[in-house]
Amino acid sequence: MLFSEEYYKDLIAKLGLPEMPISKVIYKGKNLLNPQTFRDDFLKISKKLMQFVSYNNIGQLIEAGIPIETIDELHNGIIPENISIYIKKPIEYGGKLEFSNMFLIRTRPFKNILDTFMDEQILTFNREHPGYDRNNGFILPTELYIPNPEGLIFLPALKGFAGAGGNTTTDKMSEIGSTMFLKNDGRF
């Protein structure tokens, strides 16, 4: 790897997730799984994980700012808007499709931050080790720092950063209040 663990801890902090623990994994080989089978298996276990979490971790979901309506969707195995299942250790690095290698995370902004964190490592490695192939894409780094939170739900330290109300407000009433005066009926 081109940079140290401290460099990547600093990078993930600068991206907005200073509380996200990371760990280093070593490349094990190309993913030989059939993409369609992998996708189907991922969706099946994701639904099971969502249901498990919605029945067994309600307090953490509420602490993470997940609205009751969204928890109901999780109960039913529906992937709600702005919720993602993230795989900690990629398959190419020895990860498996199992609960211990997955966690629930808000898509915006947290999953997007993690995607940027992972992409930056792959791009940096490929800049230093040019090996891009039009048929195979980028070469995966021999070492990779991955997000490794404890538990099945990522609880951000910044409460209210992306609250249940949307538009980065902390609740529905704040959202309504923030848009109340945006409509101009000609009186102002």
Practice problem: Give, for atom CD of E150 and atom CG of L155, the distance between the pair rounded to the nearest 0.5 Å. | Solution: 11.0 Å
Quiz item: Who passes side chain to side chain donor-acceptor pair (under 3.5 Å) against E120, sequence neighbours left out?
Solution: T124
Quiz prompt | side-chain contact (heavy atoms from CB on, under 4.5 Å) involving E92 - partner list, sequence neighbours excluded | solution = Y27, N31, P90, L140
Quiz item: Taking atom CD1 of I87 and atom CE of M118, what is their separation to the nearest 0.5 Å?
Solution: 10.5 Å
Quiz item: If we only count heavy atoms from C-beta on, is the L114 to Y86 side-chain gap below 4.5 Å?
Solution: yes
Practice problem: Could you tell me whether the side chain of D41 reaches within less than 4.5 Å of the side chain of T37, counting heavy atoms only? | Solution: yes
Quiz item: Which pairs, with at least one residue in residues 52-62 and sequence neighbours excluded, count as a side-chain hydrogen bond (donor to acceptor under 3.5 Å, both in side chains)?
Solution: S54-H75, N57-Q60
Quiz item: Is the backbone N or O of Y145 less than 3.5 Å from a side-chain atom of Q121, with the two atoms forming a donor-acceptor pair by type?
Solution: yes
Quiz item: L144, I26: one ILVMFWY side-chain cluster at the under-4.5 Å cut-off?
Solution: no
Pair up each side-chain donor or acceptor in residues 96-103 with any protein partner under 3.5 Å, not counting sequence neighbours, and list the distances.
unit_1 : atom_1 : unit_2 : atom_2 : d
E98    : OE2    : S100   : OG     : 3.2
N101   : OD1    : K89    : N      : 2.8
N101   : ND2    : K89    : O      : 2.9
N101   : ND2    : K96    : O      : 3.0

Quiz item: Is there a side-chain contact between F117 and I22, using heavy atoms and a 4.5 Å cut-off?
Solution: yes
Self-check item: Approximate separation, where rounding is to 0.5 Å, of I66 CD1 and I58 CD1
Solution: 12.5 Å
Quiz item: What residues form a side-chain contact (heavy atoms from CB on, under 4.5 Å) with N148, not counting sequence neighbours?
Solution: S23, K88
Practice problem: Return the set of residues passing salt bridge (charged side-chain N to carboxylate O under 4.0 Å, His left out) with D72 (not counting sequence neighbours), or none when no residue passes. | Solution: none
Exercise. State which residues pass salt bridge (charged side-chain N to carboxylate O under 4.0 Å, His left out) with E81; sequence neighbours excluded, sorted by chain then number.
Key: R108
Quiz item: salt bridge (charged side-chain N to carboxylate O under 4.0 Å, His left out) with D115: which residues, sequence neighbours excluded?
Solution: K111
Exercise. For S84, check side chain to side chain donor-acceptor pair (under 3.5 Å) against everything at least two apart and list the hits.
Key: T107
Quiz item: Do L61 and I78 share a hydrophobic cluster, counting only Ile, Leu, Val, Met, Phe, Trp and Tyr and linking them when any side-chain heavy atoms are less than 4.5 Å apart?
Solution: no
Self-check item: Close side-chain approach of F110 to L17, heavy-atom, < 4.5 Å
Solution: yes
Quiz item: Are I71 and I62 side-chain neighbours, meaning at least one heavy-atom pair lies under 4.5 Å?
Solution: yes
Quiz item: If we only count heavy atoms from C-beta on, is the I153 to V53 side-chain gap below 4.5 Å?
Solution: yes
Self-check item: Side-chain (S46) to main-chain (F42) donor-acceptor, under 3.5 angstrom
Solution: yes
Practice problem: Applying side-chain contact (heavy atoms from CB on, under 4.5 Å), name anything that partners L43, two or more places apart in sequence or on another chain. | Solution: R39, I79
Exercise. Apply side-chain contact (heavy atoms from CB on, under 4.5 Å) to E6 and list each qualifying residue two or more places apart in sequence or on a separate chain.
Key: S4, K9
Quiz prompt | Residue list, ring pair (Phe, Tyr, Trp, His ring centres under 6.0 Å) with Y7, at least two apart or on another chain | solution = F3
